[in-house]
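Naming convention: chains lettered A, B, ... in sequence-line order (proteins, then strands); numbering from 1 in each chain.
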Amino acid sequence: MNTPVTSAAQRSLPDPATAREWLQTMQLLRRFDERAGELYGAGQIGGFLHLAIGEEAVIVGATRALEDRDWLLTTFRAHAHALARGSEPAGVMAELFGRVGGLCHGRGGAMHMADLQRRFLGGFGMVGAHLPIAAGAALASTYQGRAEVTMCVLGEGASANGVFDESLGLAARWNLPLVLVVVRAAGGYADDAAAAGAAAELQRQTEGLGIKTLTCDGMDVVDTQAVCADAVRIARTERRPVLVQAPTRRAPTPTPTDPRPKGERDEIAAWKARDPLARFGDRLVEVGLLESADRARLQMQVGAVIEQAVSFAGRSPHPDPSSLYEHVLSPSSGDGAWRGLDVRGTTRRAEVEPHPREATK
Amino acid sequence: MNTPVTSAAQRSLPDPATAREWLQTMQLLRRFDERAGELYGAGQIGGFLHLAIGEEAVIVGATRALEDRDWLLTTFRAHAHALARGSEPAGVMAELFGRVGGLCHGRGGAMHMADLQRRFLGGFGMVGAHLPIAAGAALASTYQGRAEVTMCVLGEGASANGVFDESLGLAARWNLPLVLVVVRAAGGYADDAAAAGAAAELQRQTEGLGIKTLTCDGMDVVDTQAVCADAVRIARTERRPVLVQAPTRRAPTPTPTDPRPKGERDEIAAWKARDPLARFGDRLVEVGLLESADRARLQMQVGAVIEQAVSFAGRSPHPDPSSLYEHVLSPSSGDGAWRGLDVRGTTRRAEVEPHPREATK
Amino acid sequence: MSRTLTYRDALGEALREELDRDQRVLLIGEDIGAFDGAFRVTKGLLADYGEQRIRDTPSAPGSIVGIGVGAAMVGLRPIVELMTITAALRALDQIAVSAAQARFASGGQLTVPLVIRSPQGGGHQLGPTHSHTLESLVLAIPGLLVAVPSTPADAKGLLKSAVRSEDPVFVIEHESLYGARGEVPEGEHLVPFGEAVIRRPGRDLTIVGISRGALTALDAADVLEREHGLSAEVIDPRTLRPLDLPTIIESVQRTNRLLIVEEGWPQGGVGASIAALVQEQAFDYLDGPVMRVAGAEAPTGYSRVLERAAQASAREVAQAALAALGR
Amino acid sequence: MSRTLTYRDALGEALREELDRDQRVLLIGEDIGAFDGAFRVTKGLLADYGEQRIRDTPSAPGSIVGIGVGAAMVGLRPIVELMTITAALRALDQIAVSAAQARFASGGQLTVPLVIRSPQGGGHQLGPTHSHTLESLVLAIPGLLVAVPSTPADAKGLLKSAVRSEDPVFVIEHESLYGARGEVPEGEHLVPFGEAVIRRPGRDLTIVGISRGALTALDAADVLEREHGLSAEVIDPRTLRPLDLPTIIESVQRTNRLLIVEEGWPQGGVGASIAALVQEQAFDYLDGPVMRVAGAEAPTGYSRVLERAAQASAREVAQAALAALGR
Ligand SMILES: Cc1ncc(C[n+]2csc(CCOP(=O)(O)OP(=O)(O)O)c2C)c(N)n1
Ligand SMILES: Cc1ncc(C[n+]2csc(CCOP(=O)(O)OP(=O)(O)O)c2C)c(N)n1
Ligand SMILES: [Mg+2]
Ligand SMILES: [Mg+2]
C-alpha cells in the first residue's frame with residue numbers, strides 16, 4: 001500500500017537553494033514536533049497534540065507546490081502546516097502554549113491554528129469539516145476571477161465521511177480549482193489505514209466521482225512536490241478539482257495523543273530506514289548538493305529558532321480571563337447590543353436598571 | 001438517459017395469474033393517485049402529496065421482487081409503496097385523510113407512512129435519511145442469521161447526499177443484504193434529473209464504492225421485476241449490497257405538490273405513449289394473456305376498492321386532540337414519570353401540589 | 001415609500017437589492033434557481049443574475065453550508081438557503097462549529113459573513129419532518145446571530161441587515177407567513193439587530209411573541225381587550241441574538257406580568273430562556289410567575305387536528321394571559 | 001456488593017453485562033474495537049465479543065446513528081458511540097427525526113430501542129471543537145430520553161437502564177469524569193429514569209447540578225457550610241427526560257431558594273428550562289429569583305485560562321448561592 005508509484009530516485013532535485021530550504025523546513029517541522037512532544041509531557045502544552053513526525057515530506061512537498069496567493073486548509077494536525085506555510089515558529093509555539101502571543105492568541109491551539117496573512121485558513125478539528133470549506137474558498141477565488149488554488153490536506157479517515165463525496169461532487173460540478181491531498185498515514189489513529197487495498201479503493205471512489213486522481217510518494221518531498229505541483233497546475237489552469245493520494249508512515253513511536261498501536265515495536269527500526277527527513281538529507285549530501293557540515297549547520301539554526309520560539313512562548317502572557325468574549329462576535333455586532341451572557345448567578349443583574357429592594361406593588 | 005438497457009419486449013411474461021396481479025396492482029396505484037389528487041384538490045388531503053403516476057411499473061416491479069419476510073423502505077413518495085406492499089387501501093387512504101383509521105392513525109401522512117405488519121418501515125421525509133436505516137435493517141437480519149433482504153427505494157436526488165456514500169460504504173464493508181432501487185424520474189421535482197449523463201455518472205460513482213450496479217427499465221414492470229429479483233437474489237445469497245437504477249418518467253401533468261416543470265406541455269402526449277400501465281395492459285391483451293373485458297373488470301374492481309377506501313377514510317374519526325402525546329414515548333417510559341410538557345401557561349400547574357394563595361414566608 | 005408586499009416578495013426584494021448593491025453577494029441552495037426555490041422566494045433570480053450568482057445545488061445541507069463558510073472566509077457574502085430547517089440538523093456542525101466559531105478560534109483573524117435562510121414552522125400538515133420550530137437549537141450557539149421576522153417589512157429589513165453583518169446570521173422564516181401581506185418600505189430598509197419592537201402598547205401585562213408567535217400574541221391581545229377590557233403590551237424581539245432584553249424588562253417593570261408565546265418545543269426553548277432571564281433580573285417587579293405558551297412537547301402529527309392541538313390558538317393564549325394575571 | 005470503580009470502568013462493566021445478558025445488544029462506533037474506543041470505555045470488548053457485536057466504523061456520525069436506528073427497528077438493541085458530542089451535530093437529523101420520531105410518526109408501530117453514548121464537556125484544553133456541553137440541544141427533542149450520569153454508579157445504572165428502554169436514549173458522559181472513582185454495585189444495578197437523587201440534604205437553599213455540575217454543586221455546598229454556616233440541598237436529576245421535577249419543587253418548597261449549575265451555554269440551556277418550570281410552578285414559594293450558573297456564552301478557548309474562565313468554580317458557585325440568598 002505504501003509502495004510509491006514513482007520511485008524517489010527518479011525525480012530530479014530542484015536547484016540547491018530550493019533543496020536546502022525544503023530540507024531546513026523539514027528539519028524545522030521535525031525538531032518542532034520533538035520539542036513540542038517534550039513540552040507536552042512537561043505540561044506546557046495541553047489538549048490533543050497530533051504530531052506529524054514522518055509527515056515532513058508530504059507537508060513540505062505539498063505546501064511547496066503552492067504560490068503565496070493560494071489557500072491552505074488542513075486537519076487537527078495543524079501546527080506543522082502553519083510552520084511549513086511560513087508562520088513564525090514563535091507564534092506557533094505560543095499558540096501551543098495557549099498564550100496571547102500565539103497565532104490565534106491562545107484560542108485555537110494545535111488543532112485549530114490559522115494564519116490568515118499566509119492564507120492558511122486552519123486547522124479544523126472535526127474530521128472532514130474542512131472539505132466543503134475548502135471548496136467554498138475555491139469558489140470565492142473563481143467567482144472573483146482570481147487564479148488562486150485552494151489546497152485541502154486531509155487524512156484518509158475523512159474519505160468515508162459523506163462530506164467527502166458531497167464536496168468533491170460540488171467541486172466537480174462547479175469547476176473549482178481545488179487540490180485535495182489525502183495523507184494516508186499507516187500506523188495512525190484510525191483503524192482503516194490498516195485495511196489492505198484502501199488506497200486503490202479510494203482511487204476508485206474518487207474517480208467514480210469524476211475527479212482526476214494522482215498518487216505521490218508521501219515519504220519523498222521531491223516526488224510529493226512534483227505531483228502536487230502538477231495537481232495545482234491542473235486545478236489552476238483547467239479549473240477543476242484534483243486529488244492527490246500520499247501514502248506516508250508516521251513514526252511508530254508513541255506520541256502524546258496518538259497512543260502507540262499494538263505490535264509495532266519492530267517497526268521503529270523499519271521506519272527509521274524510511275525516515276523522509278533523513279533520506280532527503282542523505283540524498284542531498286550524496287549528490288553533492290550539500291556538505292555534511294552544512295546539513296548540521298541548518299539543523300543548528302533550526303534548533304536555535306525553536307529554542308527562541310519556546311522562550312518566546314514561555315514569556316508570552318496567558319490571555320486575560322476577562323477577554324473571554326473577545327472574537328465571539330465581530331465588533332460590529334458586539335458593541336452595545338450584545339454582550340456574552342455570562343450567567344454566574346449575579347453578573348448580569350447589575351447591568352439592568354437599579355433594583356428596588358421591594359416589589360413595586 | 002431513459003433508454004432501457006434491456007428492451008421490455010425481450011423479457012418474457014410471468015404466469016397469467018401473476019401478470020394479472022401486477023397489472024391490477026398497477027391499476028390500483030394509478031387510480032388511487034388520481035383519486036388522491038382530486039381529494040387533495042378538494043381539501044380532504046393535506047400536506048405534501050407526492051404522486052407516483054408513471055412510477056407504477058418500478059414500484060410494483062421492485063416490490064414483487066421481494067418475499068414477505070423482506071423489508072422495504074422508501075422516500076416521502078410513500079403511499080404507493082404501501083399499497084404495492086399490500087397495505088389495505090382503506091388504511092392508506094385514511095392516513096392521507098389524517099384519520100385514526102389510517103395506517104399510522106393519522107400521525108404520519110403520505111410522506112411518513114409505515115406498515116410494520118408488512119415489513120414496510122416507511123416513508124421517510126428527509127432526502128436520504130432512510131439509507132443508513134435500511135442498512136441497519138439489513139444488519140439486523142444478518143446479525144440474527146435470517147436470510148431477509150432489505151430494499152430501499154430512493155430518488156436520484158439522494159445520491160448527491162453524503163449519506164448515500166456513507167451507507168453504501170458501510171453496507172459493502174459489512175456485507176449487508178441491501179438492495180437500493182434508485183428511481184431516476186425525469187420531469188420531477190429536482191433539477192438534476194435533467195442533467196445529461198447523470199445515470200452513467202451515478203453508475204460510476206456507485207461502482208467506485210465497490211457496489212454491484214444494475215439497470216432496469218423503470219417503465220416496464222416485467223423488466224424491473226426481473227432485474228430487481230436478480231438484485232435481491234444476489235443480496236440474499238452473496239450477502240452484499242446491490243444497486244439498481246431505474247430510469248422512469250413521472251406523468252408531466254401538474255400534481256398537487258410537484259408543480260409542473262416548464263416547457264413540458266408537449267411532453268404529455270409523449271408520456272402517454274410510454275405510460276407503463278397502459279403499455280403493460282396492452283401487452284397482456286396482445287399476447288392473449290388477458291381479455292379486454294378482463295382488463296376492464298380488474299379496473300372496475302380497483303375502482304370499487306378505492307371508493308370503499310375513500311368512504312372508509314371519510315367516516316374514520318379525526319384523532320382526538322387529547323391523544324397528542326400518544327406514541328411520543330413508549331408506555332414503558334410514558335407511564336408515570338413522563339408526560340408531555342404542554343406549556344399552555346396553566347396546564348401543568350394543577351398537577352403540582354395545591355398552591356397556597358400566599359407565599360409561605 | 002412603502003407598498004403592500006407578501007413576506008415572500010419582501011424577502012425576494014431584499015435579495016435583489018443586496019445582489020444589486022454588492023457583487024460579493026451570491027446565493028447557494030437546493031433548487032433555488034431553475035425551480036425558483038421551494039417556496040418561490042428566489043423566483044426569477046436565476047434568469048436575472050445568472051448561474052454564477054444563483055447556484056443550484058443538490059440536497060447536501062452540510063456541504064452547502066460549509067461551502068458558504070469557505071466562500072465567506074475568502075471574501076464573499078454568500079446567502080445559503082436550506083429548504084427546511086430540519087435540513088439544518090444535518091448541517092449543524094457546519095453551522096455551530098465552522099461558521100459560528102471560526103472568528104473565535106482564529107483569534108479574530110477569520111470573518112464569516114454568511115447568511116443562512118430557512119423556513120420553519122407548521123401549518124400545512126407536513127408532519128414530523130417538515131413542520132418543526134427549531135429556533136432554540138440555533139439560538140443555543142454562541143457566535144451566531146438569529147433573526148425571526150414576523151412581518152414582511154421585518155423580513156426585508158432583517159435579511160438586508162443580515163447580509164451586511166460581519167457575523168454569521170441564521171434568518172429563520174416562517175413557512176406559514178410567506179403569503180402574508182404587509183407594508184414594506186421601498187429601497188434601503190434596514191432593521192437593526194437587537195432592537196425589539198413594541199407591536200402594541202399596553203398596561204396590564206406584557207406578551208412577548210417569537211416569530212409567528214408575535215402575531216398570535218397580537219390576536220390574543222385583541223381578545224383580551226374586547227372580551228375582558230384588558231390592555232396587553234405585545235413585544236416582538238425580532239432578533240434572538242442579540243436579544244433586546246432591556247425593552248422586555250422595561251415593559252415588565254410597568255406591567256409586572258409576562259407571558260411568552262412561542263411555537264417551539266418547551267424544553268430549552270426560547271421562552272424558557274427569556275423566562276429565566278426576566279425572573280432573574282426583574283423578580284421583584286413580577287406579580288406572578290413568567291408564563292409560557294409553547295408548542296407541545298411532541299413531534300408534529302400530520303393530522304390537522306393534531307397539528308392544531310400542538311399549537312395554542314389566540315384564544316388559548318388569551319386564557320393563559322388571564323391565568324398569568326391570576327384570573 | 002459494591003467496589004470502587006472508575007466511571008470509565010463502570011460504563012465498561014454495564015456494556016459487558018448487557019452484552020452478556022442480551023444477544024440483541026451490539027456496539028457500533030468509531031474505533032471502539034481495535035482501538036478500544038477514544039476514551040477506552042470499550043476496552044477489550046472486541047477481543048471478548050468479536051466483530052459481529054463490536055463494530056468499528058469510520059467517521060460517519062449520521063450514518064452510524066441511522067444504522068443503529070434501522071437495526072433497532074428490526075429487533076436489535078444497538079449501542080452507538082459517537083466519539084465526541086460535537087459529532088452528534090452532524091447526526092442530529094438522524095437523532096431528532098429518525099430515532100426520536102419514528103414511534104410517533106408510525107402511530108406506535110415502530111420502536112427504536114437505541115442507545116447513543118457520547119462524551120461532552122471541557123477540561124482538557126481540546127478547544128472549540130471537542131469541549132462543548134450540548135445536553136440542551138439533545139434535551140430539546142421530544143421522543144428522546146436523556147441521561148447525564150455524574151457518578152460511576154449512575155454511569156453503570158443509567159446505561160444499563162438505557163439498554164432496556166424501549167425508547168431511544170442519549171447517554172451523555174462527561175469527558176472529565178472517566179477517571180473519577182466511586183462505589184459501584186456489582187451485577188444487576190439499574191438506575192431508573194426520572195428519579196432525581198438528593199446528593200446532600202439541606203435547608204437554606206436548593207442547588208440543582210447537571211452532569212458534572214452536580215459535583216461542583218457539592219463542592220460549593222461544602223464551601224457554604226464551612227465558610228458561611230449555610231446548609232445547601234444538592235439535587236442531581238440524573239436524567240433530563242424524564243425530569244424529576246417533583247423532587248426539585250418539593251425541595252424548593254422547603255428551602256424557598258434555587259440555584260442551578262450547568263456547564264452548557266445559557267441560552268436555551270437546561271438551567272433555563274428548569275428555572276422557567278420552577279418559577280412557573282412554585283412562584284409563591286420562592287423568596288428570590290431562581291438563579292443559574294452556566295457556562296459562558298462563548299466557544300471554548302484552547303487556553304487553559306480561557307477554558308477555566310468559561311466555567312464557574314465551586315467557589316464561584318458558592319458566591320452565586322450567597323447572591324441567591326440575598327447576601
Ligand atoms: C467528526 C469527528 N469524529 C471524530 C473525531 C475524532 N478524531 C480525531 S482524529 C481522528 C482520526 C482521523 O483519521 P484521519 O482522518 O486519517 O487523520 P490522521 O489522524 O491520520 O491524520 C478522529 C476520528 C473528530 N475529530 N471528528
Ligand atoms: C434533507 C432534505 N432536504 C430537502 C428536502 C426537500 N425535498 C423534498 S422532495 C425533494 C427532491 C427529491 O428528489 P429525489 O430524491 O430525486 O426524489 P423524487 O422527488 O424524484 O422522488 C427535496 C429536495 C427534504 N425532504 N429533505
Ligand atoms: Mg489517517
Ligand atoms: Mg428524482
Side-chain angles (χ1 to χ4, degrees), chain B residues 71 73 102-108 112-117 121-126 129-141 143-144 150 162-163 166-167 169-170 173-174 326-333 336-338 340-341 343 348-349 352-353 355-361, chain D residues 24 26 28 52-53 55 57-58 60 62-76 78 93-94 97-98 101-111 142-143 145 165-167 192-195 241-246 249-250 253 256 276-277 280-287:
Chain B
W71 300 89
L73 297 86
L103 285 182
C104 306
H105 312 315
R107 279 169 157 69
H112 311 103
M113 198 170 281
D115 190 347
L116 185 59
Q117 220 187 314
L121 293 175
F124 291 83
M126 299 305 290
H130 61 321
L131 299 179
I133 298 174
L139 170 61
S141 298
Y143 181 91
Q144 299 183 306
T150 297
V163 287
E166 288 179 1
S167 302
L170 281 161
R173 173 194 282 232
W174 286 347
E326 249 170 52
H327 309 308
V328 177
L329 290 174
S330 68
S332 59
S333 299
W338 188 85
L341 198 59
V343 180
R348 291 271 302 203
R349 302 201 77 187
V352 188
E353 295 291 291
H355 263 266
R357 272 271 133 235
E358 302 299 319
T360 50
K361 42 185 158 160
Chain D
R24 296 170 306 171
L26 80 170
I28 302 172
Q52 280 303 306
R53 303 191 70 191
R55 292 188 169 251
T57 72
S63 295
I64 298 171
V65 172
I67 284 178
V69 170
M73 284 177 174
V74 175
L76 302 187
D93 72 312
Q94 291 291 348
V97 180
S98 304
Q101 305 195 356
R103 167 180 289 276
F104 180 91
S106 68
Q109 294 177 80
L110 298 173
T111 302
L145 305 185
S165 168
E166 295 295 309
D167 293 307
F193 277 47
E195 281 190 19
R241 180 177 291 108
L243 175 70
D244 183 359
L245 192 58
I249 299 258
E250 187 278 324
Q253 285 172 339
N256 309 113
L277 287 168
E280 272 163 30
Q281 299 185 13
F283 188 76
D284 294 337
Y285 289 102
L286 286 170
D287 286 351

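The heavy-atom pair separating R103(D) from L329(B) by the smallest distance is CD-C, 3.6 Å. For R107(B) against F104(D), the heavy-atom pair with the smallest separation is CD-O, 3.1 Å.
Taking the side chain as every heavy atom from C-beta outward, L131(B) and S63(D) never approach each other to under 4.5 Å. T150(B) places none of its side-chain heavy atoms less than 4.5 Å from the side chain of V74(D). With contacts defined as side-chain heavy-atom distances shorter than 4.5 Å, the pair Q144(B)/R24(D) qualifies. Counting only heavy atoms from C-beta outward, the side chains of T57(D) and W174(B) approach each other to under 4.5 Å.
The distance from atom CG of D167(D) to atom NE2 of H327(B), rounded to the nearest 0.5 Å, is 12.0 Å. Between atom CG of residue L170(B) and atom CZ of residue R55(D) there is a gap of 10.0 Å, rounded to the nearest 0.5 Å.
Of the options I67(D), V69(D), V65(D), a side-chain contact (heavy atoms from CB on, under 4.5 Å) to I133(B) is made by V69(D) and by none of the others.
Both the backbone and the side chain of A129(B) come within contact range of chain D, with heavy atoms under 4.5 Å apart. Within the 4.5 angstrom heavy-atom criterion, atoms from both the backbone and the side chain of Q109(D) approach chain B. E326(B) touches chain D through its backbone: at least one of N, CA, C or O sits under 4.5 Å from a heavy atom, while the side chain does not. Looking at L121(B), both its backbone and its side chain come within 4.5 Å of chain D, counting heavy atoms on both sides. Heavy atoms closer than 4.5 Å to chain B are found in both the backbone and the side chain of S106(D).
Note: L76(D) leads L110(D), I64(D), L76(D) in heavy-atom pairs under 4.5 Å with chain B. Interface remark: of the candidates D93(D), D244(D), L26(D), L26(D) forms the most heavy-atom pairs closer than 4.5 Å to chain B.
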